[in-house]
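Take a look at the structure below.
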Amino acid sequence: MSTKRIVVLGAGPAGVAVAIGLRRAGEEVLLVGEPRRFAAVEGVSARVLGALHKAGFARAVRCFAPPSQRCVTWDGTHSRANWESLVDRQAFDRAALEDARSVGVSVVTGRIVSCASAVNGHHVEVDHDGRRTTFAADFIVEARGRAAPGQGSARVRGAETVSLLQYWVGPPATAGSAVESCADGWVWMAALADGRRYLQLTLDVATAALPPKRELGAFCRARFDTLETARPFLEGAEPVGEPHARTSTPVLQEEVAGHDWLRVGDAAMAVDPLSGNGIFQALSSALQAPAVIGTLLHDPDRAALARRFHQERIENLFFHFARIGRDFHAQESRWPDEPFWRTRRAWPDAQPIHPGTAPDDLQVTRRPVVSDGRIVEDDVVVTPDQPLGIWHVDGVRLAPLVRALHACGSQTSAEAVLRAELGGDATRAARVAAWMREQGWLAGEPREIP
C-alpha cells in the first residue's frame, strides 16, 4: 500500500479538472476512476469548449463534433436559436484521462471498490480487472458523480426524476440535437455523424408508471414513435441493447467540505439535465476546488474560510441551475395540471434568477475570494444578483470604487470619480463605468462638462 498526498475519486470532467488544476499548482495527485461505462452523448456551447481548453482538456476538446443547431419544440413552438457541439462521453472521458497524464497526474484506471476514512486519513481500494490495490491518502476529492456515497449526510432534493437513455444506430447523417416536451416529461435527442443516435426520456418517478425492466425498450420506442421531432433520429435506425435508467433528481449535499476531503461536480450538487449540460455543471463547481484544497493543506489558519467559500459557491450554483430549470419548465403551459409540470414549475422557490439591482442595493462587505491559488478574505461588492459578491472587474477592485461613489453622492459623475480612483486612467474608468451601468449600479448621474 502506498500513501498519496491527494487522491481524486472519479474520472469524469469534475475529477479530471480538479486533478489537472492541483497538478498545475504543484501538488502530487492520484486520479482514480474509469470512463463512463454506458454509451451517451452530451452537448456544450462554444463558451464551455473554451473553458475546457483553458482547464487543460486539450485532447478531450478535439473529441467534439463541429457546432450544430439544436431544434427545440417547447410549449408547441419550434425554434433553432442555439448551437452546441456534441461529444461521445466515453471518448471524451478517455481523452480527458490522457490530458491528466500529460500534465503529470498519476492515473489509475479501475473501479473504486471502497473508500474508508479515519482520523489519520483515507484508504481507497481499487479493482483493476480483478486485481485489487489499496492506496492511502491524506486528502480525498470525491468526484464520482451521482453515484458517490452520501456518507449519511443530509441532502436537499427536488422532484424525483428518472431518465431513460436508449442508444440507437442508423445510417450516417448530419449531426444535431433536439428537445421536445410532452405531457409527462421531455425528450432529448442527439445524432452523431457516424449514425449513432441517443434518445433520452425524462419522467417523474411517482407518475411515470414504468413497465418491468425487460419491457423498457419497447416502452421507450413507443414513446419516441409518437414525437414528430424524433422522426429524423429514428429514421433507418434500430436500438442497440436495453435502455439505461438513471436518476435525474436534483440533489444538493448539505455538507461538501471537511478538513481533509472535498466534494465536487455531481457528487456535490446535481441538477435536472435539461438539454444535457452535465459537463458545464461539473466544471462550474470543480474549477474553484484546487484553491480550496491548497488552502486546506497549506494554510490551516484559513481552513474554515476555505470550507465556507466552497460551501457557499456550491449552494449558489445549485440554486442558480435549479431556477434556470424551473423557468424553462414554466415556459411549457399546455399541461399545467400534469404532475410533472406542476411540481417543477414551482421548485425550488419563487426567487428570480437575476434579481434587479439598484444603486442603493450595493453593499461592501468582507467575503472569501481566490487570490494567487489560495482562499483569502477581502472586501467585495454584494448585490441581490450577486449575493457572494464581486471582487474585480477588468483587473480593478470594485469595493474601493463603490465606497468612493457613495462618498461623492450624485454631485459628481461616476466616470469622474472612477477616473480619480484609477489614477487618471480615463479608458479604464470608462470601461468600468459602462459595466456598472449594465449591472444597474449607476443611475441619475449628472452630465460631466468637458
Side-chain angles (χ1 to χ4, degrees), residues 40-45 48 69-84 146 155-166 177-190 198-210 220 223-224 226-230 245-252 266 269-282 284-285 314-356 385:
V41 68
E42 288 189 31
V44 303
S45 67
V48 177
Q69 278 189 306
R70 183 196 308 144
C71 175
V72 178
T73 302
W74 206 262
D75 199 31
T77 300
H78 304 278
S79 68
R80 289 181 174 272
N82 297 319
W83 291 74
E84 63 184 348
R146 292 176 181 268
R155 295 184 291 180
V156 174
R157 295 183 70 90
E160 298 294 328
T161 309
V162 64
S163 291
L164 303 174
L165 177 63
Q166 194 169 33
S177 59
V179 177
E180 182 171 353
S181 55
C182 46
D184 57 351
W186 53 271
V187 179
W188 186 73
M189 298 153 278
Y198 300 84
L199 292 90
Q200 178 172 284
L201 176 61
T202 297
L203 305 167
D204 187 276
V205 170
T207 60
L210 296 176
C220 288
R223 291 298 307 272
F224 298 147
T226 66
L227 302 175
E228 181 180 349
T229 308
R246 55 178 174 169
T247 178
S248 299
T249 304
V251 177
L252 168 66
D266 282 359
M269 65 103 191
V271 187
D272 196 344
L274 281 167
S275 301
N277 56 2
I279 292 176
F280 175 52
Q281 292 176 5
S284 298
S285 65
I314 291 293
E315 292 175 359
N316 186 68
L317 283 167
F318 177 79
F319 285 104
H320 176 74
F321 286 126
R323 289 169 187 137
I324 290 174
R326 174 203 63 196
D327 290 355
F328 195 48
H329 285 120
Q331 292 175 23
E332 178 50 77
S333 62
R334 291 175 293 174
W335 304 289
D337 297 325
E338 289 292 334
F340 183 92
W341 301 101
R342 186 176 65 244
T343 302
R344 288 158 180 79
R345 69 181 347 115
W347 185 86
D349 51 33
Q351 182 174 324
I353 298 174
H354 296 293
D385 189 39

Using side-chain contact (heavy atoms from CB on, under 4.5 Å), reason through Asp184 and Thr207 one step at a time and then give a plain yes or no.
CA-CA 8 Å; Asp184 57 351; Thr207 60; 5.7 Å; no

Verify side-chain contact (heavy atoms from CB on, under 4.5 Å) between Ser45 and Phe280, making sure each step is shown before the conclusion.
CA-CA 9 Å; Ser45 67; Phe280 175 52; over 6 Å; no

Tell me, with the steps shown, if Arg223 and Cys182 meet side-chain contact (heavy atoms from CB on, under 4.5 Å).
CA-CA 10 Å; Arg223 291 298 307 272; Cys182 46; 3.5 Å; yes

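The distance from the CG atom of Leu203 to the CD atom of Glu160 is 13.5 Å, given to the nearest 0.5 Å. Atom CD of residue Gln331 and atom OG of residue Ser181 lie 10.0 Å apart, to the nearest 0.5 angstrom. With rounding to the nearest 0.5 Å, the separation of CD in Gln166 from CD in Gln200 is 11.5 Å. Atom-to-atom distance recorded for Thr249:OG1 and Arg155:CZ is 9.5 Å, nearest 0.5 angstrom. Put simply, CD1 on Ile324 and CD1 on Ile353 are 5.0 Å apart, with the number rounded to the nearest 0.5 Å. Atom CZ of Arg246 sits about 6.0 Å away from atom OG of Ser163, to the nearest 0.5 Å.
A salt bridge (charged side-chain N to carboxylate O under 4.0 Å, His left out) check over residues 322-335, counting only residues at least two apart or in different chains, returns the pairs Arg323-Asp349, Arg326-Asp349, Glu332-Arg334. Listed by first then second residue, pairs satisfying salt bridge (charged side-chain N to carboxylate O under 4.0 Å, His left out) with a partner in residues 337-348 read Asp204-Arg344, not counting sequence neighbours.
For Thr229, the side-chain hydrogen bond (donor to acceptor under 3.5 Å, both in side chains) partners two or more places apart in sequence, or in a different chain, are Thr73, Glu180. Glu315 is linked by a side-chain hydrogen bond (donor to acceptor under 3.5 Å, both in side chains) to Gln311, counting only residues two or more places apart in sequence or in another chain. In this structure, the side-chain hydrogen bond (donor to acceptor under 3.5 Å, both in side chains) partners of Ser333, at least two apart in sequence or on a different chain, are Asp75. The side-chain hydrogen bond (donor to acceptor under 3.5 Å, both in side chains) search around Asn82 returns none, not counting sequence neighbours. Every residue meeting the side chain to side chain contact (heavy atoms under 4.5 Å, CB included) condition with Glu228, not counting sequence neighbours, appears here in chain and number order: Arg231. Under the rule for a side chain to side chain contact (heavy atoms under 4.5 Å, CB included), the partners of Ala270 that lie at least two apart in sequence or sit in another chain are Arg146, Asp266. With sequence neighbours left out, Ser79 forms a side chain to side chain contact (heavy atoms under 4.5 Å, CB included) with Val72.
Considering every non-hydrogen atom in both Leu199 and Ala230, the closest pair reads CD2-CB, 4.4 Å. Ala159 and Pro250 make their closest contact through O-CD, 3.6 Å (heavy atoms, listed as atom of the first residue, atom of the second, distance).
Annotation: side chain of Phe319 is not in contact with side chain of Gln351 (no heavy-atom distance under 4.5 Å). With a 4.5 Å cut-off on side-chain heavy atoms, Thr202 and Trp188 do not count as touching. Side-chain contact between Leu210 and Leu164 is present, with heavy atoms from C-beta onward closer than 4.5 Å.
Trp347 and Phe318 have perpendicular rings, their planes meeting at more than 60° on a 0 to 90° scale where under 30° would count as parallel.
Judged purely by atom type and a 3.5 angstrom limit, Trp74 uses its side chain to pair as donor or acceptor with the backbone of Phe328.
A ring-centre distance under 6.0 Å is not found for Trp335 and Phe340.
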